[in-house]
Amino acid sequence: MSEKDGGPAFPRVEPETANEGMRSYFGMTLRDYFAAKALEGIFANANTYPTTEQHFNNITEGAYKAADAMLKAREQ
């Protein structure tokens with residue numbers, strides 16, 4: 001994960017019982033989370049549901065462009 005992807009969306013640190021250390025769980029990136037939320041909105045409109053692979057590719061690319069814009073807005 002990097003600063004470009006926003007870092008982890010839901011990081012958590014839990015005790016590791018085996019050696020008394022701490023274990024981190026990062027899961028998806030903030031960029032992935034934002035893209036997923038954008039896709040929810042897009043798919044809420046039945047008229048935008050993809051009917052071809054190219055249509056689906058265009059929609060998912062758009063979702064990541066929206067996610068990138070959200071990450072950029074967070075920097076300001």
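- Applying the salt bridge (charged side-chain N to carboxylate O under 4.0 Å, His left out) test to pairs two or more places apart or on separate chains, those with a residue in residues 63-73 are R31-D68.
- Between G6 and L71, the shortest heavy-atom contact is CA-CD2, 3.8 Å.
- Remark: E40 pairs with K37 by the salt bridge (Lys or Arg N to Asp or Glu O under 4.0 Å) rule, at least two apart or across chains.
- Every residue was checked against the ring-ring contact (aromatic ring centres under 6.0 Å, His included) condition with F56, not counting sequence neighbours, and none meets it.
- Nearest heavy-atom pair across A38 and A66 is CB-CB, 4.2 Å.
- Under the rule for a side-chain contact (heavy atoms from CB on, under 4.5 Å), the partners of Q54 that lie at least two apart in sequence or sit in another chain are T52, N57, N58.
- Cluster membership for Y64 and F34, using ILVMFWY side-chain heavy atoms within less than 4.5 angstrom, is not shared.
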**Item:** Test log, rule side-chain contact (heavy atoms from CB on, under 4.5 Å), inputs M70 and L30
**Value:** CA-CA 10 Å; M70 287 184 254; L30 191 55; over 6 Å; no

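- For Y33, the ring-ring contact (aromatic ring centres under 6.0 Å, His included) criterion is met by F10, not counting sequence neighbours.
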